[in-house]
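Reading through the structure tokens given below for one structure.
Bear in mind the structure is a predicted one, so any value in this text is a computation, not a measurement. Just follow the structure's listing: the first ligand is 1, and inside any ligand the first atom is 1.
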Amino acid sequence: MQNNLSIYNSLTRTIEPFNPLHPPFVGLYVCGPTVYSDAHLGHARPAVTFDILYRYLLHLGYRVRYVRNITDVGHLENDADEGEDKIEKKARLEHLEPMEVVQKYLNTFLKNMEQLNALPPSIEPRASGHIIEQIELVKKILEKGFAYEVNGSVYFDIVKYSQKFHYGKLSGRVLEDLQENTRIIGGKDEKRNPFDFALWKKATPEHIMRWPSPWGEGFPGWHLECSAMSTKYLGEVFDIHGGGIDLQFPHHECEIAQSAAALGNESVRYWMHNNMITINGQKMARSLGNFITLGQLFSGNHPLLHQAYSPMTIRFFLLQAHYRSTVDFSNEALIAAEKGLKKLLKASVTLKNLKPSKESSIDIVSLKARCYEAMNDDLNTPLLLSHLFEAVKLINSAADGSSGMTADEIKETGDLFNTFVFDILGLTDESENKSDEKLTSELMKIIMDLRLEARNKKEWAVSDHIRAELKKAGIMLNDTKDGVTWERD
Ligand code: ZN
């Protein structure tokens, strides 16, 4: 059973009533990626979920500060307190500086987010850029007596914390069970209790990413950055903290403990977790061979994929499920999503070309109200889509003449599509980009014909000028015996 606190019930119930003269400020913090490999399907779900929340809050008129962190240090293998740093491990394998690894995968991540049409957050702070804030937080927790130092490492004292606060309230974990279930790794545990977690770790001689601290050279524990950066940018108490359900324990539980220990009260008003993605009914894992990156999905370049799936198909597919339910990826489901999206977008074009009739067929006021109700009910996007498909049905029957829509209804339905399909759900018509491609190829044909004409007239200066200018624009011409072809540089 999920703890009540982790369920974000409805926007209208959880945030004060909206007053347009004084739009409330909403602080939204979402745990971002640890950038040590290409973004995959698992990254698409929180990206789309919290993008919808962000877009909807903006649509309602709230002022939102959306912070999504980038973990570039301190996340150790198996989410544990022992083992290699995920980024350092990759750096060794790829013969790169750890920060080169971070940059490389961060670039891909941000490109994929743009392809998914996820709006960029207001701030994307990096853990490595907030070492000072993290050290200050450790000091504070030590001062308050909820942590202890051992051999240059600092650990959070969960037993001590539990005497005053409730550790496990978010995930429903009970301390006694944790005691039984936490393994001591390698027998060299310096913690008072195996479930205590690291706030600061002493760096071993071979550890690359290290900073000086009052406890010697080391690096921050993984959970610490989110407490430090959320407080820095959103204040000691803020509205919404999001992330994948896999982060609920231990990551978010530890965040609550750190903030409460340091500040004396909890920081987060509402926790919101998106559920996981399975592939053909299985958990996604590198060892199972079903690990699909977003790049592979968009190009179709993976043995499990029957075809390429566009970013909007993935987005639409995710929106068809409620963010708190699991979602299973399969080729069949994605092909169905592709069809559904096409149908929705086609109706929007049909609507624009519809001839108004005197006959009325749509109760647009009620439809619009139901669309808002669906969003207000814990971002129920599947229900919202089903309402929008009611409109699709009416548009199509107005187009084939079996019913009609008045000029006002056409306009209001157009507005409804703009608001919900494009602004809030963030869907775009990718075929519009394709027509840009088409236009480019038509323009290139005209340019190449002009160049050929110049060459036929032996006007070499003109033809060379065209070639040189195209090169500047990133287009290379290849003269072959069958004619001229072009490619992007
Ligand atoms: Zn986090």
Partner set under ring-ring contact (aromatic ring centres under 6.0 Å, His included) for H207, not counting sequence neighbours: F219

Polar protein atoms (N, O or S) that approach the Zn ion (ligand 1) to under 2.8 Å: C31 SG, C226 SG, H251 NE2

Criterion salt bridge (Lys or Arg N to Asp or Glu O under 4.0 Å) against D81, the qualifying member of K202, K201, K191: K191

Any side-chain heavy-atom pair of L384 and N380 under 4.5 Å: no

Sub-6.0 Å ring centroid separation between Y155 and F197: no

H273 versus H252, side-chain donor and acceptor atoms under 3.5 Å: yes

Donor-acceptor under 3.5 Å (R68 side chain, P120 main chain): no

